[in-house]
Protein chains: 2
Amino acid sequence: MKDKPLRSAPTPSVRRMPRYLRCLHALRSDRVEWISCTFLAERLNVDPTLVRKDLALTGITGKPKVGYYLPDLIMAVERFIGWDNPEDAFLVGAGHLGTALLGFEGFARHGLNIVAGFDNDPTKVGTTVADKPILDAAKLPDLAQRMHIRIGIITVGARNAQAVADLMLSGGITAIWNFAPVPLDLPEDVILENEDLSGTLAVISRRLAASGI
Amino acid sequence: MKDKPLRSAPTPSVRRMPRYLRCLHALRSDRVEWISCTFLAERLNVDPTLVRKDLALTGITGKPKVGYYLPDLIMAVERFIGWDNPEDAFLVGAGHLGTALLGFEGFARHGLNIVAGFDNDPTKVGTTVADKPILDAAKLPDLAQRMHIRIGIITVGARNAQAVADLMLSGGITAIWNFAPVPLDLPEDVILENEDLSGTLAVISRRLAASGI
DNA sequence: TCTATATCGAGAATGTTTTCTTGATAATAA
DNA sequence: TTATTATCAAGAAAACATTCTCGATATAGA
């Protein structure tokens, strides 16, 4: 907690953090000062000890009978995730999905600042989406390098995803959030997260098939 | 495997199935007949024994030195997921995200057939998106009941998500795929999967924060 | 001040998922 | 025919994640 502030943590726990955070922000708006695991767990409909274990990962420590001091807790969670100082990102693929992400204001509260979109389509280049410029994809590597962009978001079709990923790599991008339904072939040291919709769909379908008929 | 063709399986395994399937379909286009776990694992960059265990869940059995017979394997996986016969679905929220999903042709190959979109906005109602009609949200319960729709997809903002979910429930929908960033309060027996973008984002941010600097 | 109680923290126990290991089998080639 | 090898199958082991249990502590109320 002191000398290893960012050591490995269970991925499921990390994934749960934003849910806690959302709830905590809502509570802050209500001027709540102290918050217990029990209460949080009840509100999110999960197990209290799970919440406690997760929060413990952030290094914060609470008081018996009272709980955690909300401002500290929020800061601890945000720091744990890495949302304490926002990070700029580029997005490639100004289709509907890309537009949806460019316009999603929630990202600002999630440490992510999409500064520009890119596309090949000449009719899109030069326009703006949600006040963000759509630029020619060919300019990405140079710009990414000069602006020290580390995060790239891929919202193009399956066919072009790998090419876009390569473009991003050549611009020095080190983390890729891939919405295209293809496995990308990247160097080991690149951080890659696939947003795999069909995976979720499979879970639903199977549950339906199993329970239903 | 015989008398329990649809018994519980590890969720992570289920999530991986579509990736296998995508690869298998690509191989079928290449007229491949037999496929080994080793090959599949290499192509997807995962552990061979993991692939074997996952495929074993579908109930199929392969031949040493040869592998699995591709057509049988594809059928087995599709059956396992529940994609062997397609399921109709309703989508509510014809914004950018909703439009993207309505237009995503991949769903057809994933056992999902979105038959209509719904929205409150009068300027949207009556139009079509990707050949699918956008209808008044108020008509959803009645239509869902008459068409025996079981899957509902929520792509509205956080503010309206719970109301939409309630609307779906009143129409007899039993499985909800929620893209809104709020926890929904639903009866136990409703199948709910949240597509939690901020969860993935948190994983990326943390890895960046941990590895970088 | 003293007691009762809600809550935290830490470690044990359970359950789940992944990886490892070994043995069996079928195709290929000598 | 026989040896070799690539591959599957199944069970054991390990890693990982979640849930349970219990003792400690701070607050509120008697």
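Lettering follows sequence order; numbering is per chain, from 1.
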| said: Applying ring-ring contact (aromatic ring centres under 6.0 Å, His included), can you list everything that pairs with B:Tyr69, at least two apart in sequence or on another chain? | reply: B:Trp34

| Roughly how many Å is it from CG in A:Leu55 to C1' in C:dT7, rounded to a whole number? | 13 Å

| query | Sequence neighbours excluded, which residues qualify as side chain to side chain donor-acceptor pair (under 3.5 Å) partners of B:Asp47? | reply | B:Thr49

Report, one line per pair, each donor and acceptor closer than 3.5 Å where one atom sits in a side chain of residues 164-175 of chain B; sequence neighbours left out.
{"residue": "B:Asp166", "atom": "OD1", "partner": "B:Gln162", "partner atom": "NE2", "Å": "3.1"}
{"residue": "B:Ser170", "atom": "OG", "partner": "B:Leu167", "partner atom": "O", "Å": "2.7"}

| said: Quick one: does any side-chain atom of A:Arg206 pair with a main-chain N or O of B:Phe80 as donor and acceptor, under 3.5 Å? | reply: yes

Only distances under 3.5 Å count here; give the side-chain donor-acceptor pairs of residues 192-204 of chain B to other protein atoms, sequence neighbours excluded, each with its distance to 0.1 Å.
{"residue": "B:Glu193", "atom": "OE2", "partner": "A:Arg207", "partner atom": "NH1", "Å": "3.4"}
{"residue": "B:Glu193", "atom": "OE2", "partner": "A:Arg207", "partner atom": "NH2", "Å": "3.2"}
{"residue": "B:Asn194", "atom": "OD1", "partner": "B:Asn178", "partner atom": "ND2", "Å": "2.8"}
{"residue": "B:Glu195", "atom": "OE1", "partner": "A:Thr200", "partner atom": "OG1", "Å": "2.8"}
{"residue": "B:Glu195", "atom": "OE1", "partner": "B:Trp177", "partner atom": "NE1", "Å": "3.0"}
{"residue": "B:Glu195", "atom": "OE2", "partner": "A:Thr200", "partner atom": "OG1", "Å": "3.3"}
{"residue": "B:Asp196", "atom": "OD1", "partner": "B:Ser198", "partner atom": "N", "Å": "3.2"}
{"residue": "B:Asp196", "atom": "OD1", "partner": "B:Ser198", "partner atom": "OG", "Å": "2.8"}
{"residue": "B:Asp196", "atom": "OD1", "partner": "B:Gly199", "partner atom": "N", "Å": "3.4"}
{"residue": "B:Ser198", "atom": "OG", "partner": "A:Arg22", "partner atom": "NH1", "Å": "3.2"}
{"residue": "B:Thr200", "atom": "OG1", "partner": "A:Arg15", "partner atom": "NH2", "Å": "2.9"}
{"residue": "B:Thr200", "atom": "OG1", "partner": "A:Glu195", "partner atom": "OE1", "Å": "2.8"}
{"residue": "B:Thr200", "atom": "OG1", "partner": "A:Glu195", "partner atom": "OE2", "Å": "3.2"}

Between protein and nucleotides 25-30 of chain C, what N or O pairs are separated by less than 3.5 Å?
none

| note | Taken to the nearest whole Å, CG/A:Leu70 to P/C:dT7 is 15 Å

| said: Five pairs per end, C1' atoms only: what is the angle between the end axes of the helix from C:dT1-D:dA30 to C:dA30-D:dT1, to 10 degrees? | reply: 0°

| said: If you apply the rule side-chain contact (heavy atoms from CB on, under 4.5 Å), what do you find for B:Leu143 with B:Phe118, and how did you get there? | reply: CA-CA 11 Å; B:Leu143 265 176; B:Phe118 293 82; 4.2 Å; yes

| field | Residues in side chain to side chain donor-acceptor pair (under 3.5 Å) contact with B:Ser13, at least two apart in sequence or another chain | value | B:Arg16, B:Asp54

| request: Heavy atoms of chain B, cut-off under 4.0 Å: which first and last nucleotide of DNA chain D, 5' to 3', fall inside that, if you could look? | output: D:dA6 to D:dG11

I'd like a table of donor-acceptor pairs (distance under 3.5 Å, sequence neighbours excluded) in which one partner is a side-chain atom from residues 83-93 of chain B, with atom names and distances.
{"residue": "B:Trp83", "atom": "NE1", "partner": "A:Ser205", "partner atom": "OG", "Å": "2.9"}
{"residue": "B:Trp83", "atom": "NE1", "partner": "B:His110", "partner atom": "O", "Å": "3.1"}
{"residue": "B:Glu87", "atom": "OE1", "partner": "B:Arg150", "partner atom": "NH2", "Å": "3.0"}
{"residue": "B:Glu87", "atom": "OE2", "partner": "B:Arg150", "partner atom": "NE", "Å": "2.9"}
{"residue": "B:Asp88", "atom": "OD1", "partner": "B:Asn113", "partner atom": "ND2", "Å": "2.9"}

| task | Please check if the side chain of A:Arg28 supplies one atom and the backbone of A:Leu70 the other of a donor-acceptor pair under 3.5 Å. | result | no

Distances under 3.5 Å between protein N/O atoms and the N/O atoms of nucleotides 18-22 of chain C, please, pair by pair.
{"residue": "C:dT18", "atom": "OP1", "partner": "B:Arg16", "partner atom": "NH1", "Å": "2.9"}
{"residue": "C:dT18", "atom": "OP2", "partner": "B:Arg16", "partner atom": "NH2", "Å": "2.8"}

| Protein-nucleotide distance (B:Leu57, atom CG; C:dT17, atom P), rounded to Å | 10 Å

| Would you say the side chain of B:Pro18 lies within less than 4.5 Å of the side chain of B:Val77, judging by non-hydrogen atoms? | no

| field | side-chain contact (heavy atoms from CB on, under 4.5 Å) evaluation trace for A:Leu40 with A:Leu24 | value | CA-CA 8 Å; A:Leu40 199 56; A:Leu24 295 177; 4.1 Å; yes

| field | N/O donor-acceptor pair under 3.5 Å between B:Lys132 side chain and B:Gly117 backbone | value | no

| task | Using heavy atoms and a sub-4.0 Å distance, could you list which residues of residues 23-37 of chain A are near DNA chain C? By number, please. | result | A:Ser36, A:Cys37

| field | For the student: nearest non-hydrogen atoms of B:Leu97 and A:Ala100, plus distance | value | N-CB, 3.6 Å

| query | Going through the checks in order, is the side-chain contact (heavy atoms from CB on, under 4.5 Å) test met by B:Phe107 and B:Leu101? | reply | CA-CA 9 Å; B:Phe107 284 143; B:Leu101 293 183; 4.0 Å; yes

| request: Kindly write out the residues that satisfy side chain to side chain donor-acceptor pair (under 3.5 Å) with A:Asp142, not counting sequence neighbours, or none if the list is empty. | output: A:Arg146

